[in-house]
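This report concerns only the one structure given below.
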Amino acid sequence: MTVTGTANRAALRPLLCAALVAALAAGGAAAACSEDTAEFRGKDGAGGKARFTVEIADEPAEVQRGLMHRESMPKSAGMLFIYDRAQPIGFWMRNTLIPLDMIFMGADGTVHKVHENAVPLDETPIFGGREIQYVLEINGGLARMLGIGPGSELRHPAIDQDIAAWPCAE
């Protein structure tokens, strides 16, 4: 389509602006709810937001290996452990070389517990709770700095969207 004349361009400007806004909104929603992105907000939608680029651990070998033997991790990165159902979950730091915050969440993505600054190489069990389906490991100290704590909500496509505290569609 070729647009000629000032009147025609002026008439199309609102349509073009609306299309641009729709494209940006769709791109933002897709970025916020993609497999490699974990996004948090405060309890009941309050407070700030935090976003991490994540690796997924959902197979037994991946879950067992976790972040072992890594000497560093980018500040905005993490590993999201995904279980088939909510269950009692415990972690440890065997062969893990960097301090980590472990964020334990229920089936709806709501944070139940945060274990801060887990000590590298410590084999003491860290119990996350009885009804845990998701665990995010991030660099130690970040959860407190970003305000992630009990009641915070995770948005991720792995969460059943029918029960998600923060669904992808929002």
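Treat the numbers as computed from the prediction; the structure is a model and nothing was measured. Start at 1 with the first residue, then count along the sequence. The basis for the numbers below is simple: all heavy atoms, side chains too, and nothing from hydrogens, waters or symmetry mates.
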M68: hydrophobic cluster co-members (side-chain, 4.5 Å):
none
When clusters are formed from ILVMFWY side-chain contacts under 4.5 Å, directly or step by step, what else is grouped with I163?
none
ring-ring contact (aromatic ring centres under 6.0 Å, His included) pairs touching residues 105-127, sequence neighbours excluded, are none
Hey, does the side chain of Q161 reach the backbone of C168 with a donor-acceptor pair shorter than 3.5 angstrom?
yes
Cluster overlap [X] with [Y], hydrophobic side-chain contacts below 4.5 Å:
X    : Y    : result
V54  : M145 : yes
L136 : M79  : no
I126 : L121 : no
L80  : F52  : yes

Heavy atoms only: give me the nearest [X]-[Y] pair and the separation to one decimal.
X    : Y    : result
G78  : I138 : CA-CG2, 4.4 Å
Y134 : D160 : OH-N, 4.2 Å
I56  : H156 : CD1-NE2, 3.8 Å
G149 : V114 : CA-CG2, 3.9 Å
S34  : P157 : O-CD, 3.6 Å
R155 : P167 : CD-O, 3.4 Å

Over 12 non-hydrogen atoms of neighbours within 6.0 angstrom of NZ in K43:
no
Please name all residues satisfying side-chain hydrogen bond (donor to acceptor under 3.5 Å, both in side chains) with R70, sequence neighbours left out, ordered by chain then number.
E55
Which residues pass the side-chain hydrogen bond (donor to acceptor under 3.5 Å, both in side chains) test with S72, not counting sequence neighbours?
none
Selection residues 142-153 - residue pairs positive for side-chain hydrogen bond (donor to acceptor under 3.5 Å, both in side chains), sequence neighbours left out
R41-E153, E116-R144
Scan for side-chain hydrogen bond (donor to acceptor under 3.5 Å, both in side chains) pairs involving residues 74-85, sequence neighbours excluded, and state none if there are none.
none
Show your reasoning for whether side chain to side chain contact (heavy atoms under 4.5 Å, CB included) applies to L154 and I159.
CA-CA 9 Å; L154 169 68; I159 299 170; 3.9 Å; yes
List, one per line, each side-chain donor-acceptor pair under 3.5 Å for residues 58-65, sequence neighbours excluded.
{"residue": "E62", "atom": "OE1", "partner": "D58", "partner atom": "N", "Å": "3.1"}
{"residue": "E62", "atom": "OE1", "partner": "E59", "partner atom": "N", "Å": "3.0"}

Could you give the side-chain donor-acceptor pairs of residues 89-111 under 3.5 Å, partners two or more places apart or in another chain?
{"residue": "R94", "atom": "NE", "partner": "E123", "partner atom": "OE2", "Å": "3.3"}
{"residue": "R94", "atom": "NH2", "partner": "E123", "partner atom": "OE1", "Å": "3.0"}
{"residue": "T96", "atom": "OG1", "partner": "R94", "partner atom": "O", "Å": "3.3"}
{"residue": "D101", "atom": "OD1", "partner": "N117", "partner atom": "N", "Å": "2.8"}
{"residue": "D101", "atom": "OD1", "partner": "G141", "partner atom": "N", "Å": "3.0"}
{"residue": "D101", "atom": "OD2", "partner": "G141", "partner atom": "N", "Å": "3.0"}
{"residue": "D101", "atom": "OD2", "partner": "L142", "partner atom": "N", "Å": "3.1"}
{"residue": "D101", "atom": "OD2", "partner": "A143", "partner atom": "N", "Å": "2.8"}
{"residue": "D108", "atom": "OD1", "partner": "T110", "partner atom": "N", "Å": "2.9"}
{"residue": "D108", "atom": "OD1", "partner": "T110", "partner atom": "OG1", "Å": "3.1"}
{"residue": "D108", "atom": "OD2", "partner": "T110", "partner atom": "OG1", "Å": "3.2"}

